[in-house]
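Everything numeric in this text was worked out from a predicted model, so none of it was measured.
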Amino acid sequence: MPALFRPASLYLLVSYLLISSLPFFPLLQGQPVEKPYHLLAMELVSWLGFWVLLQRPRWFHYLLLPAFFAVPIEVYLRLYFGQGISTHHLGIMVETSPKEAMEFLGNKVWLLLLLVIAMTAWWWSLLRVAKNHAHWDWRHRSRWAVLLLIALGIATWTYGEQIGVAKAPPAASASKASGSAASNSGSSADSSSTEDEEKDEDEEEEASASASASASTSAAEASASADTLTRWRTSLKKNLPPLPHWAKIPYDEETYIRSWPFGLVLRANDFWVERDYLAKLSEKSRAFRFQAHLDGNPETPQTIIMVIGESSRFDRWSLNGYERDTNPLLKKESNLVAFSDVVTAVSATRLSVPIIVSRKPAAQSLKAGFSEKSFLTAFKEAGFKTYWLSNQMSFGQFDTPTSVFAKEADVTQFLNLGGFTNSSNLDQVLLEPMANAMRDASPKKLIVLHTLGNHWNYSHRHPQSFDNWKPSLYGVVNPAYTDLKNKQALNNSYDNSILYTDWMLSEVIQKLKTSSQITSLLYISDHGQTLYDGTCNLAFHGHNTEYEFHVPAFMWYSDAYQEHFPDKIVQLRLHQKARLSTENVFHSLLDMANIRYPDEKLEWSILSKQLKAHTRYVDSYGWTNYDNATLKGDCREVMDKKTPLVQEK
């Protein structure tokens, strides 16, 4: 029997094939795989390179051990969340303490232990095969030829990356341009909304900000040696010809990062790069102190909840006058004060959340980092135990600016394994960790809940029991959200997600009501949504519309809180219709807890008689004065009556 067809050899081949096939798992679920042939080709080349470089399977099999342990995680995430291991998941695994892991897994810890044993046994059995079957050792001289070809390919790719690749011949370019023109002509009616209809609508607006942030950070941190390297590269580009277009190596990092097991290396690298960037942002504010202190008895039990909503717009809350009863539970709360005129400076999560949690001015929201810490540190200085419980992401292109603040908390937990995908956790995943935090023995506690709220896909932000208004997108796989025929279903699903948010917030309030402590809650959404309103052909966010800047916000307080701080409640109700923005949150939250600090600004607190109006800038063609603007068309685009301020990035 040929060596290739021996049972042990087949066992080795099939095992490696199974690991490599993980990116194609969606096919078993009836889902497409993007660029399947490209992905398959890159995996084959990678395996060939691995083999030709290390010669013996026994050597590269040692390097595969982490991949074997990652297999169950990859299968679990793909089965239940429709995605593989990401930078965010690596962050959760690295930064979760054993205690938190035990609490999360519960009785499943025994299943995890069994899987670890099974994976170890699988890997060890394959190692024995690799050691005992020398016929897999590549001793033939063809190895050197293949090694030379791979080295040549790497050198060619590196040359193209550093020097550049020549454009295709004019004829091909003209043909491509003609096709592009025809395509643009056919879709001219919707050209204004092309960028608006990304599945993950955060990416477009936030990627540009991320690029600007990275550019400014790189410029600030560039060393003399880096400048020398840049000049050297520039000189090479001037003196060397670009790589011919036909010689370009078809390497695609976005596709390769999905490959198995080799893409895991790139994912791990992305994680460490993000971690390093986060550390640098933290370093900017490392020595900062508010010099905050509590004005009151530190032993008096008190819990404050801060809820950061996501993609919720003001006029879809019946609490704010919407015709549909989207807030049947919250409207029953007599101790709830909803604010009628709150705006966010930027309609993108990564840029708006830092304004909410810190004293970062709205007009600096496009700049990377901030030299101060968040309200979490101020609360810690005043003797509060702080928690950041999130159903959003911890690491990734759009999440690091929030993470750097979140990690100031005494306890930080990111609970969403699905990210922004359709199969994400529902916000109710935050309720049990919140209840655990409330039971903590510390007398003073601040608990931040960062929700997924009303982020697209709206029909996946709530369980079936909240699919109230129909037709909706509930149960529709990959709905055509750019098709205006689905406008009604899309809007119904959005309202259903608001209905679920109402239930979620009501559950939080009920838990606060049952507490014997002094309790209060502040809610605000990071930004809103545009939803094909009227004749408007825009949807989601990043479009400078009133629907995205005008956000819902409210404060709830217990009877004990009112008895303890009666003057604050009087001012709170007086300011219910005041012109406010997300910049008011930091100052108001500290005032809620009666935390004082030397340079406090009570004129920004909604609970203070010193409250004053301030200029509310929003990111609309520059920094536009929201209160000196007109609203254009059915999209209600915010247009400054004067000249907007120039934005610094």
Side-chain angles (χ1 to χ4, degrees), residues 7-31 43 47 57-133 258-265 267-268 271 389 391 393-395 411 413-419 421 423-426 428-433 436:
S9 294
L10 287 175
Y11 175 51
L12 189 72
L13 282 175
V14 170
S15 294
Y16 287 165
L17 180 63
L18 284 174
I19 288 180
S20 297
S21 65
L22 283 173
F24 300 91
F25 192 89
L27 295 175
L28 299 177
Q29 301 171 295
Q31 303 287 333
E43 285 196 340
W47 275 112
R58 62 180 296 183
W59 299 126
F60 63 70
H61 190 72
Y62 286 108
L63 299 177
L64 294 176
L65 181 58
F68 274 80
F69 285 130
V71 167
I73 301 171
E74 180 82 6
V75 172
Y76 174 79
L77 291 172
R78 289 194 177 278
L79 192 61
Y80 293 103
F81 297 98
Q83 63 170 304
I85 297 172
S86 69
T87 304
H88 167 64
H89 300 122
L90 291 175
I92 289 177
M93 287 185 278
V94 169
E95 301 192 346
T96 298
S97 69
K99 180 181 177 182
E100 291 171 347
M102 291 293 288
E103 289 177 351
F104 177 77
L105 291 169
N107 292 330
K108 293 178 183 177
V109 70
W110 301 109
L111 176 60
L112 177 63
L113 182 61
L114 184 63
L115 284 172
V116 169
I117 294 173
M119 289 299 107
T120 304
W122 186 18
W123 175 86
W124 182 78
S125 65
L126 290 171
L127 178 62
R128 293 197 61 179
V129 172
K131 282 184 174 181
N132 297 331
H133 292 75
R258 292 189 289 115
S259 70
W260 255 79
F262 313 102
L264 287 175
V265 177
R267 287 175 241 184
F271 165 70
L389 308 176
N391 193 26
M393 306 280 275
S394 57
F395 285 85
V411 178
Q413 290 182 279
F414 291 93
L415 302 164
N416 191 343
L417 298 180
T421 63
S423 302
S424 308
N425 294 332
L426 298 176
Q428 63 197 60
V429 73
L430 298 170
L431 294 177
E432 185 175 350
N436 292 336

* Single hit among Leu126, Val116, Thr120 for side-chain contact (heavy atoms from CB on, under 4.5 Å) with Phe68 ->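 Per the side-chain contact (heavy atoms from CB on, under 4.5 Å) rule, the option paired with Phe68 is Leu126, out of Leu126, Val116, Thr120.
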
* Give every residue pair that meets the salt bridge (Lys or Arg N to Asp or Glu O under 4.0 Å) criterion with at least one member in residues 120-131, sequence neighbours excluded. =>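 Every candidate salt bridge (Lys or Arg N to Asp or Glu O under 4.0 Å) pair involving residues 120-131 fails, so no pair, neighbours aside, qualifies.
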
* To do: Start with the C-alpha distance between Asn416 and Val429, add both sets of side-chain angles, then the distance that settles side chain to side chain contact (heavy atoms under 4.5 Å, CB included), and finish with yes or no.
  => CA-CA 8 Å; Asn416 191 343; Val429 73; over 6 Å; no

* To do: Find the distance between CZ (Phe25) and CG (Leu27) and round it off to the nearest 0.5 Å.
  =>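 So the CZ of Phe25 and the CG of Leu27 are separated by 10.5 Å.
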
* Asked: Going from CG on Leu63 to CZ on Phe262, what distance comes out if it is rounded to the nearest 0.5 angstrom?
  ->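 Here the rounded value is 10.5 Å.
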
Which heavy-atom pair separates [X] from [Y] by the least distance, and what is that distance?
X: Ile19; Y: Trp122; result: CG1-CH2, 4.2 Å
X: Trp47; Y: Leu64; result: CH2-CD1, 3.9 Å
X: Glu43; Y: Phe24; result: OE1-CE1, 4.2 Å
X: Trp260; Y: Ala67; result: CZ3-O, 3.4 Å
X: Pro433; Y: Leu389; result: C-CD1, 3.7 Å
X: Met119; Y: Pro72; result: CG-CG, 3.7 Å

* Asked: Does the side chain of Leu430 reach to within under 4.5 Å of the side chain of Leu415, using non-hydrogen atoms?
  ->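 Result yes, sub-4.5 Å side-chain heavy-atom pair found.
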
* Taking side chain as C-beta onward, heavy atoms only, is Tyr76 less than 4.5 Å from Leu115? ->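 A side-chain contact under 4.5 Å is absent here.
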
* To do: Give a yes or no on whether the backbone of Arg78 and the side-chain of Gln29 come within a donor-acceptor separation of less than 3.5 Å.
  =>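 Side chain of Gln29 to backbone of Arg78: a pair is present.
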
* Any donor-acceptor pair under 3.5 Å from Ser20 side chain to Leu17 backbone ->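 No, because the side chain of Ser20 does not come within donor-acceptor range (under 3.5 Å) of the backbone of Leu17.
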
* To do: Determine, stepwise, if the pair Trp123 / His61 fulfils side chain to side chain contact (heavy atoms under 4.5 Å, CB included).
  => CA-CA 8 Å; Trp123 175 86; His61 190 72; 3.2 Å; yes

